[in-house]
Amino acid sequence: MATQLLRRRASQILSNANPNPSSPLSLARSFSSATGPIRATLFPGDGIGPEIADSVKQVFKAAEVPIEWEEHYVGDQIDPRTQSFLTWESLESVRRNGVGLKGPMATPIGKGHRSLNLTLRKELSLYANVRPCNSLPGYKTRYDDVNLITIRENTEGEYSGLEHQVVRGVVESLKIITRQASLRVAEYAFHYAKTHGRERVSAIHKANIMQKTDGLFLKCCREVAEKYPEITYEEVVIDNCCMMLVKNPALFDVLVMPNLYGDIISDLCAGLIGGLGLTPSCNIGEGGIALAEAVHGSAPDIAGKNLANPTALLLSAVTMLRHLKLHDKADRIQNAILTTIAGGKYRTADLGGSSKTTEFTEAICNHL
Amino acid sequence: MARRSVPILRQLLTSPSTNLTPTRSVTYMPRPGDGAPRAVTVIPGDGIGPLVTGAVEHVMAAMHAPVYFERYEVHGDMKRIPQEVIDSIKKNKVCLKGGLATPMGGGVSSLNVQMRRELDLYASLVHCFNLPGLHTKHDNVDIVVIRENTEGEYAGLEHEVVPGVVESLKVITKFCSERIAKYAFEYAYLNNRKKVTAVHKANIMKLADGLFLESCREVATKYPGIKYNEIIVDNCCMQLVSKPEQFDVMVTPNLYGNLVANTAAGIAGGTGVMPGGNVGADHAVFEQGASAGNVGNERQLEQKRANPVALLLSSAMMLRHLQFPSFADRLETAVKRVILDGEYRTKDLGGTSTTQEVVDAVIAAID
């Protein structure tokens, strides 16, 4: 009974110290001050998912990260509460824990259900997709000095899915930009820049042609920029941005964009550093939820053969740790990964080497 | 035997730059009267526009090309393009244009878009290729991006539904998708290109881009000799920066075309050297291929260091369009020789020359 009283008192103190429980900053702070391990939801996914998820668990155990995994799998029946193959329990678990890690999920074919990614996005209100793109030292691509982060608005814009046929042969598709969503993603972008010590935020747009829609997005970004005077803010037209990215990616720092441009630019940046197999990604939701994910496919042809490259999922897990403010653990694991790849001796097949997944993971654990 | 090998040895020992000498192997038979000078409307535009169009006029005069220019002043902050300019283009059918700046969010629709819509220039073409002698991170790039120019996301139909919520309509019609697909395949057929790739996002925008793809597939069946494939736009950008040699001709709707053209121009050498133009059933407007939305900055203008190569190569395309292939070949060879020599290059290519120096070098290289 005494421990119960203590726990209640502790939670009271914590809630008094955090007057605004839904801001991402305060929720993250409450994680690190909690006693005991942090619970996180893990979706291993399909194909190579389980192997690379095992990799992550092994590395985290070797690094003694205080995270307890709750594993959830995609079901084989449609759950009527969520209209998809993801069960209500899985989604509740993410909402409760506040952090999650998702492996690649193959889209089940058929009708009568929502796609898995769409379910996660709508149910957890994931509004921002963050992709840090950093050149991996030792893995040579044509670009060596990429060090930027793309933050993409994930809910509206051109991907609202609102299309209809006006008359035969004429189709209209709606692009929707709202003040609320633009403000939300701009706030997150500047907050991220501040907490990670970034100096510049660039808003990417095409407001010279789409004057009202992208104009509204820019207006919201400008409003938020005024609240952060120490961060430089600039606006770049998207065609200029594409050109500058392929000529000199070092010019950019943090990029914030609406949905479609974000999709294209974040994949372009992934191509600059070596492809989707090496790119981490993290989705931020309302209430400070963070769902880190690997954006590559489930590669069913190499599933179960111990050939998969776990780098993307590992780096995404590192992004998750940074969201939880466990910076020292995150740095240790990231350095171990980079040193292993730079070393050149242990590389999986897609990077040009011949190591197995387990050998690669062990090498990382040894480098910790 | 030594005597017989002398001419072969001589050929082997000749320096590589003479590979650029055009060989007169194809005889072009003009119709009598084709040599009469043709009128071309020229719009200098804003920013570095006047500088580079002046460069083209200078080179054309030095070559004694059978074109004469009718100059009209249009600036980006005008509300509409003056009717006399439109009439002149309709009379001459060919126009050469510098860039027109578009004010940001100012409520004025872009003059470039207006011109394309009025003259129904429905295909925009950008030819992105590695210039010999210009070192870039990517080799073996030879991509032609053909972009639908009139509809799609740039229809300009926007409105505020309630305060704080804005809608923009993206319109795709079968008519426009079909004619751009036809143009792309016809271009590939007439220029001996082997593959046409359609760029889309039909996994998300199923109806709109689905209609575009349907039109492309239909036209593809009429050209069995040309390979056709489709690629999603985000994958396309990723492939462009890692393996650009897989692309040949790309056909895209309006917005994706803008991005893909600028990305391809960036990987092949920059927007300062890529030629391009807009063409419709009746008229053609030639301009710098991919301008990345800017018309040069103040410093470039003051120091007169703008790069005229893109507009010179576009004017070579214009000469071919006007059916003066020999002049076009001479101009292109001269420009490529100047780039290969490397002595006269503007700042964006890593050199220090001014526009005038590059122009003089090109004139000297014309034979």
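A, B, ... follow the sequence lines: proteins, then strands. Residue 1 opens every chain.
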* Would you say the side-chain atoms of A:R142 pair up with the backbone N or O of B:S242, donor to acceptor, closer than 3.5 Å? ->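 Answer holds: yes.
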
* Asked: For A:K175, does its backbone N or O pair with a side-chain atom of B:E167 as donor and acceptor, under 3.5 Å?
  ->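 The answer is no, because no donor-acceptor pair under 3.5 Å joins these two groups.
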
Contact summary for [X] and [Y], nearest pair of heavy atoms:
X: B:Y256; Y: A:I264; value: CD2-CD1, 4.4 Å
X: A:K212; Y: B:V166; value: CB-CG1, 3.6 Å
X: A:G275; Y: B:M238; value: CA-SD, 4.4 Å
X: B:N235; Y: A:D267; value: N-OD2, 4.4 Å
X: A:L216; Y: B:G164; value: CD2-O, 3.8 Å

* Flag yes if more than 12 heavy atoms outside B:K243 fall under 6.0 Å of its NZ atom; otherwise flag no. =>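 Count not over threshold, so no.
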
* Asked: When you look at NZ of B:K174, are more than 12 heavy atoms from neighbouring residues, nucleotides or ligands closer to it than 6.0 Å?
  ->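 Counting neighbours around NZ of B:K174, more than 12 heavy atoms of other residues, nucleotides or ligands fall under 6.0 Å, so yes.
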
When rounded to the nearest 0.5 angstrom, what is the spacing between [atom1] in [X] and [atom2] in [Y]?
X: B:S168; Y: A:I209; atom1: OG; atom2: CD1; result: 11.0 Å
X: A:K247; Y: B:D348; atom1: NZ; atom2: CG; result: 6.5 Å
X: B:L207; Y: A:H164; atom1: CG; atom2: NE2; result: 9.5 Å
X: B:I267; Y: A:M243; atom1: CD1; atom2: CE; result: 12.5 Å
X: B:L259; Y: A:I265; atom1: CG; atom2: CD1; result: 6.5 Å
X: A:D214; Y: B:E158; atom1: CG; atom2: CD; result: 7.5 Å

Which atoms of [X] come close to chain B, meaning under 4.5 Å heavy atom to heavy atom: side chain ones, backbone ones, both, or neither?
X: A:E156; answer: neither
X: A:L174; answer: both
X: A:F217; answer: neither
X: A:L260; answer: side chain

Under 4.5 Å from any heavy atom of chain A - which part of [X]:
X: B:E153; answer: both
X: B:L255; answer: side chain
X: B:K201; answer: side chain
X: B:I172; answer: both

* To do: Let me see the working for B:N258 and A:K206 under side chain to side chain contact (heavy atoms under 4.5 Å, CB included), right down to the final yes or no.
  => CA-CA 11 Å; B:N258 196 356; A:K206 188 76 186 169; 2.9 Å; yes

Counting heavy-atom pairs closer than 4.5 Å to chain B, which one of [options] comes out on top?
options: A:L183, A:T178, A:T213; result: A:T213
options: A:C241, A:S266, A:C242; result: A:C242
options: A:V167, A:L245, A:V166, A:V170; result: A:V170

* **Student check: side-chain heavy atoms of B:V171 and A:V171 closer than 4.5 Å** =>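 With C-beta onward as the side chain, the pair stays apart.
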
* pair B:K170-A:E158: side-chain heavy atoms closer than 4.5 Å ->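 Side chain of B:K170 against side chain of A:E158, heavy atoms only: no contact under 4.5 Å found.
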
* Asked: If you count heavy-atom pairs under 4.5 Å between each of B:V241, B:D209, B:T263, B:V162 and chain A, which one has the most?
  ->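 Winner by heavy-atom pair count: B:V241.
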
